[in-house]
2 protein chains.
Amino acid sequence: MTAVAAVPPPLRWWGWGDRAAEVPAGLIALLRDEVAIGGEVVSRPVDIESVALPESALPEDVLHRFAEIVGAVNVRTDREERVRHAAGRSYLDLVALRTGRPAAAPDAVLHPATQAEVAAVLRCCEDAGCAVVPFGGGTSVVGGVSPMRGSHAAVVAVDCDRLDSLVDVDSVSQTATLQAGMRGPRAEGELAWRGLTLGHFPQSFEYATIGGFAATRSAGQASTGYGRFDEMARGLRLTTPTGQLEVASPPATAAGPSLLQLVLGSEGTLGVITDVTVRVRSRPAVRRYAGWSFPDFASGVDALRELAQQRWLPDVARLSDEAETRASFAMAGDSKTVAAARSYLRVRGQPAGCIVIFGWEGDGSSVGTRMRFATPTLRRHGAVALGRAPARSWLRGRFAGPYLRDALLDRAVLVETLETAAEWSKLMAVRDRTADAIRAALEARGTPALVGCHVSHVYPDGASLYFTVLARQESGREVEQWRAAKTAATDALIAAGGTLTHHHGVGVDHAPWLGREVGETGMRGLRALRASLDPAGIMNPGKLVT
Amino acid sequence: MTAVAAVPPPLRWWGWGDRAAEVPAGLIALLRDEVAIGGEVVSRPVDIESVALPESALPEDVLHRFAEIVGAVNVRTDREERVRHAAGRSYLDLVALRTGRPAAAPDAVLHPATQAEVAAVLRCCEDAGCAVVPFGGGTSVVGGVSPMRGSHAAVVAVDCDRLDSLVDVDSVSQTATLQAGMRGPRAEGELAWRGLTLGHFPQSFEYATIGGFAATRSAGQASTGYGRFDEMARGLRLTTPTGQLEVASPPATAAGPSLLQLVLGSEGTLGVITDVTVRVRSRPAVRRYAGWSFPDFASGVDALRELAQQRWLPDVARLSDEAETRASFAMAGDSKTVAAARSYLRVRGQPAGCIVIFGWEGDGSSVGTRMRFATPTLRRHGAVALGRAPARSWLRGRFAGPYLRDALLDRAVLVETLETAAEWSKLMAVRDRTADAIRAALEARGTPALVGCHVSHVYPDGASLYFTVLARQESGREVEQWRAAKTAATDALIAAGGTLTHHHGVGVDHAPWLGREVGETGMRGLRALRASLDPAGIMNPGKLVT
């Protein structure tokens with residue numbers, strides 16, 4: 001029996017994880033050369049005692065009623081707990097936390113342990129005119145857990161961390177029912193015992209929760225093979241202020257519009273998801289990961305498209321563009337392996353190619369066969385095999401980005417990501433115009449940017465695009481600076497035919513654009529639905545549909 | 001350039017297709033032996049002039065306004081046109097039509113040619129207090145096109161047959177936008193020219209339309225490989241009485257709840273779907289179909305489950321239980337090939353086994369590899385290969401069921417189907433209890449039934465179950481007889497953990513059970529959504545959410 005995977009300690013209140021990351025010397029050099037960043041540590045988070053925090057607006061009698069529902073120890077109004085639920089983990093969230101100026105904080109943080117407690121909390125909140133922010137791992141990068149009170153007098157965060165049990169495993173049907181507060185590692189650990197895996201590994205995996213995955217339509221790094229979370233989810237239970245919605249989990253149904261697909265992506269605005277039934281798989285006996293290099297991004301995109309349309313995609317497929325590849329090499333440093341790879345690529349005529357990481361998982365003969373079928377397509381598009389080293393390096397660092405971000409913030413670096421998806425016929429235009437828009441917006445402010453991009457979720461009809469932006473912070477104007485770039489990027493990607501978001505969700509940050517994605521009639525339908533389940537409008541105000 | 005596939009002539013007003021089917025002698029013998037049916041022709045449809053039809057309830061001025069929108073020739077109030085839109089194609093629909101007693105008929109049938117005409121028609125209907133039944137191929141078997149007027153004075157059918165263009169093909173992204181009224185053969189024909197296929201082949205393929213597939217969450221015979229229609233659909237346009245909902249078609253999105261999955265399965269209750277963007281594929285170079293026999297249904301189910309969970313499923317997988325296999329052999333007659341197969345199965349110890357039809361499609365090496373990977377699993381579960389003959393026979397007859405049904409109705413046979421889906425762990429119980437319930441209900445009325453079942457849509461977590469019921473009609477009490485069986489079956493399958501419907505939809509027939517599937521909160525959400533898009537309640541009253 002394998003031990004349950006270790007669940008990492010809580011997030012630092014001002015950042016990610018529990019440990020400091022080194023900034024690789026090569027990255028410092030790249031930033032210096034390309035975007036004029038010095039690389040010295042110039043900024044540190046304030047002390048938690050210095051964080052500006054208003055008094056809790058909740059009257060004693062309401063706190064008392066909460067305590068009667070969840071127990072007094074599970075009604076938290078202390079500074080640390082409120083600060084820990086004051087923001088998600090976007091770049092601007094982190095800037096606000098580090099400088100001790102979060103936009104708001106919940107008036108209390110509640111930790112219910114059962115669906116019945118959640119239901120009672122929502123009833124109590126409706127009575128008391130108190131807004132509710134459903135809280136999972138707190139890793140939203142779009143403002144999804146911002147403690148906004150809307151028109152209400154107060155706001156509480158309902159943290160699902162005590163809803164963290166495995167409810168049921170059906171090993172014949174390969175499904176499992178997991179409570180919403182279960183974090184990624186614990187879910188995988190519980191399943192691993194039973195020879196199963198969910199296969200959902202977003203970068204936030206260590207901290208994010210099952211409920212959060214469902215509420216935001218999360219997609220993991222292996223979504224190409226294992227599917228997005230909205231494809232894994234089969235059923236769920238949603239506690240709304242007006243009753244429970246239980247969505248059964250048949251393998252497929254034609255019984256009307258999909259209520260499952262309505263709750264997935266509802267971002268806490270319809271209620272609190274308390275458990276989710278997911279499709280799981282046998283743990284793969286074999287995992288084969290390898291790196292290849294394409295002459296350029298367009299060739300790599302063409303190869304991925306062909307593999308997708310032939311149904312011979314690997315389970316992981318992550319193609320970096322030229323800028324991201326350059327940054328990856330810079331971060332990898334100048335070890336012998338890396339130097340050898342670079343000189344090999346020069347010899348093969350790809351001094352500035354694009355790296356792709358492929359991963360195949362399954363039983364041995366199946367993995368071998370699928371690799372064999374993919375290889376001719378890769379070669380036809382000019383791919384050069386780089387062996388396992390680049391893939392091993394990617395696997396080691398697959399959850400490391402957010403740790404590194406904290407270290408870059410210490411160095412006054414603007415570091416943020418954004419993402420979209422588009423059909424193949426539009427993909428290159430969406431990439432070009434979005435990257436151009438970001439570069440132009442930041443260049444115009446005197447802070448030139450390094451904008452890298454990768455494809456990491458591949459479909460027969462298109463793919464995702466994930467952008468990473470690095471620039472010098474405009475000190476004191478961090479908010480305006482990033483908002484200018486974000487607005488330019490979002491306008492550009494929508495105009496070019498991309499979706500508003502492939503997997504980060506809408507939250508607060510994308511809400512102004514949702515109407516452009518779904519139209520006036522769509523917004524009306526979503527509002528009606530929200531009003532029917534939450535007539536008092538207490539659920540996560542300010543998010544999604546505003 | 002291949003010719004566009006021929007589109008069959010219109011349905012007979014009282015049945016299917018345009019030609020009579022023979023009832024195989026073997027089937028007549030089986031019915032005589034097992035359910036005491038004589039097999040003589042004892043009933044013929046009445047003449048269309050004898051069909052009971054009320055006067056059109058639409059005043060002249062409304063008809064005149066319709067004519068201004070769609071042109072006078074496209075506002076039809078003649079007997080034939082009204083009868084042709086008076087019912088779908090369930091067993092009880094056919095009984096009603098053949099006896100000249102449809103429950104109702106539309107007061108007019110409109111044929112708009114553009115989205116703008118549809119929108120104007122809906123506005124006019126809202127003004128005039130007239131209900132609207134969106135009409136595609138008219139092949140619903142659950143009452144989805146029954147001309148019910150609800151609380152309105154009149155009802156029109158909005159037939160989408162003039163909305164039958166290919167709007168766009170994106171051959172790079174492998175997507176196509178098709179108008180809603182396009183029938184299956186025409187859609188495939190248009191795509192075939194371009195080397196593409198949709199791969200959606202429900203039994204109603206020849207007559208059903210793109211809009212109908214979307215509105216009902218249709219699943220085709222190759223759904224195991226090509227996906228259900230709700231997986232093929234990427235975007236659509238829905239014209240509601242209060243505005244147009246345009247759902248874009250990114251390969252995936254996290255921009256809130258899925259409006260696409262809300263419209264799919266809405267069965268005309270939210271508006272008229274005018275076009276759908278679908279994922280298409282390259283036409284397969286190779287199609288390999290073969291039959292196998294399993295010792296019993298349970299072994300076959302186990303084998304399908306393993307293949308599904310290993311991700312080595314064929315594109316078509318259709319496993320008949322013992323009763324359905326017996327009926328298939330009876331229908332196949334006693335040609336040399338069939339006799340040889342039967343004696344071969346006796347020798348191999350499977351005198352009463354269960355036939356499965358598998359089909360693999362794709363390029364040659366891919367098909368061969370996938371077959372090779374599947375074979376050991378089949379053999380481990382006792383499967384015996386029967387070669388291509390049974391598969392060829394199935395392919396020839398894949399759309400023939402509804403033709404044969406008309407010939408059986410001539411012989412006073414109760415012949416109907418119903419379907420569900422369930423997780424693997426519940427599948428055998430759902431099959432057994434549903435079949436038992438049908439047999440018991442009909443036995444209790446003195447009309448013993450032959451109930452066959454097959455699995456034809458296979459998923460990693462479960463599969464569909466499709467039941468065919470044959471019994472002697474209770475003359476003059478056909479409605480009560482079938483309703484007793486249907487109610488018993490539906491109660492049983494829901495109690496055992498099946499879904500209300502895997503692909504027939506809800507319509508009128510399943511509406512009383514929808515609350516058991518989605519709960520009170522789910523019904524409230526669906527009603528709110530409907531009210532927001534169609535406040536006057538003119539869209540397809542009596543269907544889905546009542």
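Quick note on labels: first sequence line is chain A, next is B, and so on, each numbered from 1. What you see is a predicted model; the values in this text were computed from it and never measured.
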Inset, instruction - With side-chain hydrogen bond (donor to acceptor under 3.5 Å, both in side chains) as the test, would you mind laying out the steps for A:Thr369 and B:Thr369 before giving the verdict? - result: CA-CA 8 Å; A:Thr369 300; B:Thr369 300; over 6 Å; no
Legend entry - Among B:Ser425, B:Ala421, B:Ala528, residue most engaged with chain A (heavy-atom pairs, under 4.5 Å): B:Ser425
Legend entry - Heavy-atom proximity to chain B below 4.5 Å, by part of A:Thr216: backbone
Legend entry - Residues in residues 247-259 of chain B near chain A [non-hydrogen atoms, under 4.5 Å]: B:Ser249, B:Pro250, B:Pro251, B:Ala252, B:Thr253, B:Ala254, B:Ala255, B:Gly256, B:Pro257, B:Ser258, B:Leu259
Legend entry - Which atoms of A:Arg530 approach chain B - backbone, side chain, both or neither, heavy atom under 4.5 Å: neither
Inset, instruction - For the residue pair A:Gln261 and B:Leu262, establish whether any side-chain heavy-atom pair is separated by less than 4.5 Å. - result: no
Legend entry - Most chain A-contacting option - heavy-atom pairs closer than 4.5 Å, from B:His503, B:His502, B:Gln309, B:Arg527: B:Gln309
Residues 506-513 of chain A, side-chain donor-acceptor partners within the protein, below 3.5 Å, at least two apart:
from: A:His510; atom 1: ND1; to: A:Gly505; atom 2: O; distance (Å): 2.8
from: A:His510; atom 1: NE2; to: A:Lys486; atom 2: NZ; distance (Å): 2.7
from: A:Trp513; atom 1: NE1; to: A:Asp491; atom 2: OD1; distance (Å): 2.8

Legend entry - Toward chain B, the part of A:Ala463 with a non-hydrogen atom under 4.5 Å: backbone
Inset, instruction - Identify which part of A:Gln244 has an atom lying under 4.5 Å from any heavy atom of chain B, answering side chain, backbone, both or neither. - result: backbone
Legend entry - Member of A:Arg279, A:Arg281, A:Arg234 meeting the salt bridge (charged side-chain N to carboxylate O under 4.0 Å, His left out) criterion with B:Asp461: A:Arg234
Inset, instruction - Heavy-atom distances under 4.5 Å only: say whether A:Leu514 touches chain B with side chain, backbone, both or neither. - result: side chain
